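The next block holds one structure in the form of structure tokens; read it before the comments.
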Amino acid sequence: MGSPFDLDDDVSPPADQPAPSPWLAALNSEQRLAVETTEGPLLVLSGAGTGKTRVLTARLAQIIAQGRARPWQVLSVTFTNRAAREMRERVQRLVGAAAEQVWLGTFHALGARILRRHAPLAGLESNFTILDVDDQLRLLKQILTEEGIDAKASPPQMVMASIQRWKDRGLPPARLPNAEAVELAGGRGAAIYRIYQDRLAALNACDFGDLLLHCLTIFQNPAHADILADYQDRFRYMLVDEYQDTNVAQYLWLRLLAQKHRNLCCVGDDDQSIYSWRGAEVGNILKFESDFPGARIIRLEANYRSTPTILAAAAGLIGHNLGRLGKTLRPGNAEAERGPPVVVRALWNGAEEARWVVEEIEAEQRAGTKLGQMAILVRAGFQTREFEDRLIATGLPYRVVGSLRFYERQEIRDALAYFRVVAQPADDLAFERIVNTPKRGLGDSTLQALHVLARRQGTGLVEAARLLAGTDDLKPKARKALADLLADFARWRTLLATMAPGPLAETILDQSGYTAMWRQDRSPDAQGRVENLKELVAALEEFDNLGGFLEHVSLVMDNDDKSGGERVSVMTLHAAKGLEYDVVFLPGWEEGVFPHQRALSEGGLKSLEEERRLAYVGITRARRQVFVSYAATRRIYNRWQDSLASRFIAELPDATVETLAERGLSGGFAAASVPAWAPRPSVQAPVAPERSYQPGERIFHQKFGYGRITAVDGNKLDIFFDKAGAKKVVDSFVMPAENL
DNA sequence: GATAATCCGGTTTTT
DNA sequence: CCGGATTATC
């Protein structure tokens with residue numbers, strides 16, 4: 001942060017005093033108050049760019065350095081691993097190694113830590129697995145099928161979402177209000193939820209929501225009052241970051257733990273609440289005072305990030321929301337230059353918009369702004385493509401933040417599933433994932449048989465596999481494959497104790513044939529997948545054992561960018577929260593795009609206000625300048641669609657804005673009703689002509705790319721594709737290559 | 001059981 | 001128009 005904190009004159013100590021503690025250095029008066037009010041419940045309303053991280057770290061450092069509590073008596077919670085890491089590093093710098101003993105982490109990591117200690121009380125063993133979304137969904141689908149629930153009427157995704165929301169609200173199946181599940185799964189929602197939870201327990205597994213939900217169940221059980229009392233005693237001080245994003249379960253968790261010492265400090269900003277669709281409850285901020293009588297509230301309103309103009313624009317916009325707690329950002333530095341206005345630019349279409357944005361980026365770069373200090377923030381992920389195209393065409397280095405995370409890639413998940421089967425033999429979901437990957441001739445029918453047997457015997461799949469391999473219910477081929485696989489598992493498990501995790505992982509991936517599977521794959525991305533597997537093995541070197549690594553992975557799904565050079569960042573507005581840039585581009589400000597159509601048609605005022613907060617978050621990311629833009633027409637799903645400027649544009653105060661429009665686009669607002677122009681006909685994909693093909697001919701296929709015909713049989717072609725290898729394809733799916 | 005053809009739906013997603 | 005998920009076919 002290059003903010004001029006040192007210009008704040010009310011922090012300078014009197015000359016005859018000893019130098020202040022380092023953690024108090026460079027704090028303004030309101031920040032300092034928030035740091036020094038250590039006793040009793042405290043709510044810090046901290047606007048964008050007002051230095052909340054600084055306050056949190058200073059507060060934590062002070063509590064430890066002054067000996068108000070031992071490090072392990074302090075709980076500090078964040079939402080992201082990034083935030084947790086950053087805080088630990090900063091506190092370490094202030095108080096040294098003591099920082100390592102603080103209970104500092106994400107809600108989920110801390111929940112897992114507590115739950116592992118008391119797992120049996122939640123029907124789990126302490127080495128339980130934390131499932132990823134893939135596994136959860138697979139499990140739920142099984143249940144829905146078994147229960148004869150129509151997947152069309154009740155999409156698994158939707159049922160899953162409901163279950164997650166219940167967990168977000170701290171509701172285990174037993175506490176679910178009767179009315180809740182009626183709409184779901186033909187009225188059987190509650191039953192499904194219960195089965196899902198039972199099945200997780202049988203698998204010795206839990207999902208993310210359970211990490212907190214199980215804690216709550218244990219804490220709230222009068223039979224184990226001693227456990228709760230123990231934690232309540234322990235946590236003398238508690239700090240919470242991004243409090244506006246807490247859901248009910250997290251809130252209850254905090255409230256229970258803070259009950260005894262009541263030294264709970266929550267830092268948040270209701271204007272930056274953008275995750276309500278994930279169960280976050282802004283209401284938690286409002287409830288704070290009533291739940292903790294005598295709570296103090298401190299507002300941080302001095303912004304050290306943005307120019308006065310940007311702050312005024314943001315304030316004007318967010319002022320259109322009702323029911324705010326009320327907070328006005330003011331420039332932290334009274335002498336700051338007003339700064340350039342927010343540029344609002346109307347363009348004809350998306351391609352032009354991308355072109356304009358990239359031109360401005362180049363102009364900024366020429367003027368001395370580093371590429372790493374510029375960001376394009378979009379509403380939805382798909383919008384990044386247009387900008388990527390343009391950036392590539394221009395040759396500007398860029399990075400897309402938050403897309404395809406390392407641990408979510410197919411090959412990584414497969415590899416992890418292998419590790420899980422070895423480290424946690426009861427992990428049926430992992431087993432199922434890899435039992436036929438690579439192909440071993442153990443397909444659906446074998447799996448069905450395993451399921452039936454497992455159910456009948458009341459065992460897990462792996463055990464069922466062992467039984468089944470000993471019978472002759474399977475065809476010899478499948479039986480051999482299964483026995484071989486089990487022998488592999490057994491061998492790897494014996495290595496578990498003796499071999500370092502890195503080499504062990506490599507052994508598993510090699511002997512299972514998994515690496516070979518990708519080596520042989522001709523598809524364009526196979527090469528990269530092999531690379532990713534290598535990276536995974538390399539990452540394992542740092543761990544003592546496989547189990548530790550798996551715990552790490554299930555909790556820490558982050559992707560550090562090790563990109564060295566300066567790059568323009570492209571990301572969603574959600575991903576941008578907490579970040580800052582000199583120059584920020586906010587494209588796609590059109591009704592239906594931003595605010596999003598679904599927010600307009602479904603969620604009513606609440607949704608619209610959340611969209612507005614998202615816009616507010618976007619604007620307040622900028623230190624020096626904001627560029628807003630929108631296109632009069634956009635091609636969505638191959639349809640040209642006229643659009644109107646976002647209402648948020650009109651909500652920016654006139655004095656903060658400079659409007660630029662293309663000739664013909666009136667007053668900066670799309671003349672959508674009078675399209676005085678015609679969209680250029682889109683480049684038509686060549687239509688397959690009615691013709692016959694000859695062997696040897698070069699062709700193109702939508703999915704497989706280019707290839708050469710090796711044989712013709714009526715309308716069926718044998719083709720050897722450059723990338724995908726030999727395939728049989730019907731001729732209407734290909735076109736002569738020279739047509740392109 | 002593996003592959004090709006067809007169908008369908010299409011925000012945001014810190015763990 | 002794209003991709004994934006489902007179905008249809010060999």
Side-chain angles (χ1 to χ4, degrees), chain A residues 77-84 105-112 130-133 137 141 151-152 155-157 161 164 167-168 207-212 241-242 245-247 249-250 274-280 377-383 385 401-403 405 407-408 410 436 439-448 475 477-478 481 553-559 571-579 588 592-603 607 610-611 613-614 617 635-639 682-685 701-704 716-717 724-730 732-733:
Chain A
V77 204
T78 63
F79 271 83
T80 64
N81 290 299
R82 189 178 74 194
T106 63
F107 276 104
H108 296 277
L110 295 174
I130 302 165
L131 299 186
D132 64 28
V133 187
L137 212 55
K141 276 182 190 163
K152 292 263 161 54
Q157 309 265 11
Q164 296 305 352
K167 292 187 177 184
D168 288 342
D207 63 22
F208 273 108
D210 287 336
L211 293 175
L212 290 166
D241 193 11
E242 304 280 16
D245 289 337
T246 52
N247 61 35
Q250 289 158 340
I274 55 176
Y275 282 104
S276 73
W277 48 273
R278 261 188 120 267
L377 309 182
V378 296
R379 175 64 181 81
F382 70 86
Q383 291 173 270
R385 216 206 61 233
V401 178
S403 70
R405 271 169 290 207
Y407 290 116
E408 287 171 12
Q410 183 192 343
N436 202 29
K439 301 272 191 306
R440 303 188 168 86
L442 299 170
D444 285 349
S445 56
T446 310
L447 207 53
Q448 281 309 319
K475 297 194 182 113
K477 235 172 126 184
V553 167
S554 50
L555 290 170
V556 186
M557 298 279 239
D558 59 355
N559 58 336
M571 70 188 97
T572 64
L573 286 157
H574 284 90
K577 195 167 83 158
L579 305 177
V593 176
F594 188 36
H596 193 274
Q597 188 55 48
R598 246 157 99 167
L600 293 173
S601 50
E602 284 171 27
S607 291
E610 183 147 321
E611 295 285 301
R613 290 194 289 271
L614 206 44
V617 167
R635 205 166 57 163
I636 297 173
Y637 308 139
N638 209 29
R639 284 202 114 82
S682 59
V683 183
Q684 292 288 320
H701 184 281
Q702 278 301 324
K703 191 165 169 189
F704 302 127
K716 285 176 213 143
L717 310 173
K727 302 269 180 209
K728 284 185 196 302
V729 172
V730 176
S732 57
F733 280 80

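Order of the sequence lines sets the chain letters (A, B, ...), proteins ahead of strands, with each chain counted from 1. Quick caveat, the model's predicted, so the values are computed rather than measured.
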Output the distance between atom NZ (Lys167(A)) and atom CG (Asn247(A)), rounded to the nearest 0.5 Å. 12.5 Å
Mind calculating the distance between CG (Leu600(A)) and P (dT12(B)) to the nearest angstrom? 16 Å
Walking DNA chain B from its 5' end, the first of Gly441(A) and Leu614(A) to be reached, judged by nearest nucleotide, is Gly441(A)
With a 4.0 Å cut-off on heavy atoms, is Gly381(A) in touch with a base, just the backbone sugar-phosphate, or nothing at all? sugar-phosphate
Short side-chain N/O contact from Asn247(A) to OP1 or OP2 of dT15(B), under 4.0 Å: no
Report yes if at least one side-chain N or O of Ser445(A) is closer than 4.0 Å to OP1 or OP2 of dG1(B); otherwise report no. yes
What integer distance in Å separates Gln597(A):CD from dG10(B):C1'? 13 Å
Quick check: does any side chain N or O of Gln597(A) sit under 3.5 Å from a backbone N or O of Val593(A), one acting as donor and the other as acceptor? no
Just how far, in rounded Å, is C1' of dT13(B) from NE2 of His574(A)? 8 Å
Taking atom types as they are modelled, is there a donor-acceptor pair under 3.5 Å from the base of dT15(B) to the side chain of Arg82(A)? no
Any Thr446(A) side-chain nitrogen or oxygen under 4.0 Å from OP1 or OP2 of dG1(B): yes
Output the rounded distance in Å from CD1 (Ile130(A)) to C1' (dT15(B)). 9 Å
Is it the case that the base of dT12(B) and the side chain of Arg379(A) share a donor-acceptor contact (distance under 3.5 Å, atom types as modelled)? yes
Write down the distance separating the P atoms in dT12(B) and dG3(C), rounded off to the nearest Å. 15 Å
Give the nucleotide from the list dT12(B), dT15(B), dA2(B) with an atom nearest to the side chain of Trp277(A). dT12(B)
Ignoring the backbone of Asn436(A), work out which of dT15(B), dT12(B), dA2(B) is nearest its side chain. dA2(B)
Quickly work out the Phe594(A) CZ to dT11(B) C1' distance and round it to whole Å. 12 Å
Thr572(A) side chain near dT11(B) phosphate (N/O to OP1/OP2, under 4.0 Å): no
Phe107(A) CZ - dT13(B) C1' separation (whole Å): 17 Å
Would you confirm whether His574(A), through its side chain, and Ile274(A), through its main-chain N or O, come within 3.5 Å as a donor-acceptor pair? yes
Main chain of Gly441(A), side chain of Asn436(A): is a donor-acceptor contact present, judged purely on distance under 3.5 Å? yes
Heavy atoms only, 4.0 Å cut-off, all strands: where does Tyr275(A) land among base, sugar-phosphate and nothing? base
N/O (side chain, Asn81(A)) to phosphate O (OP1/OP2, dT15(B)) under 4.0 Å: yes
Describe the nucleic acid contact of Glu611(A) in one word from base, sugar-phosphate, nothing, applying a heavy-atom distance below 4.0 Å. base
CD on Glu611(A) to CG on Leu600(A), rounded to 0.5 Å: 7.0 Å
With a 4.0 Å cut-off on heavy atoms, is Lys439(A) in touch with a base, just the backbone sugar-phosphate, or nothing at all? sugar-phosphate
dT15(B) base stacked by His108(A) (centroids within less than 5.5 Å, tilt under 30°): no
What's the CZ-C1' distance between Arg635(A) and dC1(C), to the nearest Å? 8 Å
Length of the CG-P vector between Leu137(A) and dT13(B), whole Å: 18 Å
Please list, chain by chain and in numerical order, all residues satisfying salt bridge (Lys or Arg N to Asp or Glu O under 4.0 Å) with Glu242(A), sequence neighbours excluded. Lys52(A), Lys577(A)
